[in-house]
Asker: 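Please read through the structure below; I'll follow up with questions.
Just so you know, residue 1 is the first one in the sequence shown, and it goes up from there.
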Amino acid sequence: MSGVLFTCAGQRVDIVTAFRRAGARTLATDLNPLAPALYHADAHAFVPPVGDPGYVPALRELVEGHEISLVVPLTDLDHGVLARGRNELGGALVLLPAPEIVDALEDKWLAHRLFEERGIGSPRTWLPGALPDDLAFPVFVKARHGFGSRGIYRCADRRELEFFLDYTDHDSMVQALCAGEEFSIDVFCDLESRCLNAVPRTMIESKGGESIKGMTIRDDELIEVGRNVAETIGLVGPANIQCFREPDGGHLVTDINPRFGGGFPLPTAAGSRYPELALELAAGGRPEPRLGDFRAGLVMTRFFSELVLSADAGGRLAPFAEELPEPVVTERTEP
């Protein structure tokens, strides 16, 4: 049974449990003892902050002590650290592309430049000091290093643009508004950056930059966009590609997150088998691409859930199992 270590586990219960169902032995790590995903893994451990010099050594100790073969980062927070420290993790496979790709995708301005350099459509984008005089509105002010919907402001005219550029405390850029419909494409690539599958989905509703309602769709153009973008950029492992289909039929890519996306449960339910593909890569396999092999028309709608914890005598938290009263059995009188 393959051992999988999840970093920055946070709330990603869906991913941890999917790997358990795929047959993995799971170890979740986080800084926060109240991160719910910790308690859905077979084991969990607390680690130093990502910026601490002891972060990678702590992960290496866990990899060696728990016979881990695969490391899966669940947020963007430690991508750069892991991409550079992958050779210090006891031989475990780290599902991330090369450090220079990670760096570019973490910075939305550098990502835009990368897309243009490699022939991938991207909305017109400028740094605040290089805005054209004939700038067409509306536009967005976007934090270069933001995640989710943080640091994003829609500007209807130059007055609002100047206000939000002055208001934001983020290093920002200005990006043209896309006029078409937005889609997400969940892809998975092997170690050679071959795209093994691409599952497009609609963006029915999002909150905080995360999809909470969406539907898988069979759209050959979007599947090809996912494949081409993934292989052109050089992605490894999972990624979520966000794009718009413009009125002229072209596709503009606005963001790529080189990790499992917030809508992970939907492509999983549709048969993407991304956890199984990851485990096969960690075992030294070379799975063949299966583009388009998923079920279209599945709709996801998300809801809040909770985990109740209790502390033992030593203060260690564990899921609380409520003791239910014994059922009362009453005699049934036949009519």
Side-chain angles (χ1 to χ4, degrees), residues 5-8 49-53 55-57 59-60 63 70-127 130 142-148 150-151 170-173 175 184-196 198 209 225-243 251-261 274 277-278 281-282 286 289:
L5 185 150
F6 300 96
T7 67
C8 301
V50 171
D52 191 296
Y55 183 68
V56 170
L59 294 180
R60 180 176 63 244
V63 165
L70 178 65
V71 175
V72 181
L74 298 186
T75 71
D76 307 330
L77 298 174
D78 60 354
H79 282 183
V81 172
L82 293 179
R84 288 174 172 79
R86 66 198 336 147
N87 293 330
E88 303 172 39
L89 292 174
L93 172 64
V94 178
L95 280 184
L96 282 172
E100 61 271 19
I101 300 300
V102 168
D103 291 345
L105 296 180
E106 190 272 335
D107 181 328
K108 289 180 171 58
W109 168 250
L110 295 182
H112 166 72
R113 295 285 302 274
L114 177 66
F115 300 158
E116 288 196 324
E117 289 168 3
R118 303 205 177 182
I120 295 169
S122 179
R124 290 170 298 158
T125 306
W126 308 268
L127 293 177
K142 288 188 174 182
R144 289 176 57 173
H145 301 279
F147 57 94
R150 298 169 180 82
H170 298 285
D171 186 10
S172 298
M173 65 185 194
Q175 190 166 79
S184 274
I185 310 170
D186 296 294
V187 301
F188 192 92
C189 298
D190 67 8
L191 306 186
E192 303 166 36
S193 295
R194 294 184 307 156
C195 184
L196 302 182
V225 167
R227 183 206 63 78
N228 177 64
V229 169
E231 295 183 353
T232 299
I233 294 297
L235 299 178
V236 171
N240 173 252
I241 300 168
Q242 295 176 311
C243 69
H251 295 86
L252 300 179
V253 175
T254 56
D255 206 4
I256 299 177
N257 298 303
R259 56 172 170 77
F260 289 115
Y274 289 168
L277 291 174
L281 290 179
R286 191 175 186 270

Asker: Would you compute the distance between atom CZ of Arg227 and atom CD1 of Ile185 and round it to the nearest 0.5 angstrom?
Answerer: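 Going from the CZ atom of Arg227 to the CD1 atom of Ile185 covers 11.5 Å.
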Asker: Applying the side chain to side chain donor-acceptor pair (under 3.5 Å) test to Ser122, which of Glu116, His112, His251 qualifies?
Answerer: His112
Asker: Could you state the interatomic distance from CG (Leu5) to OG1 (Thr7), rounded to the nearest 0.5 Å?
Answerer: 7.0 Å
Asker: Which distance, rounded to the nearest 0.5 Å, do you find between the CD1 of Ile256 and the CZ of Phe115?
Answerer: 4.0 Å
Asker: Applying side chain to side chain contact (heavy atoms under 4.5 Å, CB included), run through His145 and Glu106 and close with a yes or a no.
Answerer: CA-CA 6 Å; His145 301 279; Glu106 190 272 335; 2.9 Å; yes
Asker: Taking all non-hydrogen atoms of both residues, which atom of Val187 and which atom of Ala198 are closest, and how far apart?
Answerer: CG1-CB, 3.8 Å
Asker: Give every residue pair that meets the side-chain hydrogen bond (donor to acceptor under 3.5 Å, both in side chains) criterion with at least one member in residues 82-99, sequence neighbours excluded.
Answerer: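 Only Arg84-Asp103 qualify under side-chain hydrogen bond (donor to acceptor under 3.5 Å, both in side chains).
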Asker: Rounded to the nearest 0.5 Å, what's the gap from NZ on Lys142 to NZ on Lys108? Could you check?
Answerer: 7.0 Å
Asker: Rounded at 0.5 Å granularity, tell me how far CG in Asn257 sits from CG in Asn240.
Answerer: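 Nearest 0.5 Å value for the CG-CG distance: 5.5 Å.
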Asker: If you take all heavy atoms of Cys8 and Tyr55, which pair is closest and at what distance?
Answerer: SG-OH, 4.1 Å
Asker: Can you give me the closest heavy-atom contact between Gly151 and His170, atom names plus distance?
Answerer: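 Result for this residue pair: CA-CD2, 3.9 Å.
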Asker: Enumerate, atom names and distances included, each donor-acceptor pair closer than 3.5 Å involving a side-chain atom of residues 93-102, sequence neighbours excluded.
Answerer:
none

Asker: For Glu231 and Ser193, which I'm curious about, is there any donor-acceptor pair between the side chains at under 3.5 Å?
Answerer: no
Asker: Restricting to non-hydrogen atoms, name the atom on Ala143 and the atom on Arg150 that form the minimum distance, rounded to 0.1 Å.
Answerer: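 Closest pair (atom of Ala143, atom of Arg150, distance): CB-O, 4.2 Å.
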Asker: Nearest 0.5 Å, please: how far is OG in Ser172 from CZ in Arg144?
Answerer: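 These two atoms lie 9.0 Å from each other.
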Asker: Of the options Val50, Asp78, Val81, which is the one that meets Val56 in a side chain to side chain contact (heavy atoms under 4.5 Å, CB included)?
Answerer: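 Result: among Val50, Asp78, Val81, Val81 is the only option passing the side chain to side chain contact (heavy atoms under 4.5 Å, CB included) with Val56.
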Asker: Looking only at heavy atoms, what is the nearest atom pair of Arg194 and Pro289, with distance?
Answerer: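 So the minimum-distance heavy-atom pair works out to NH1-CD, 3.5 Å.
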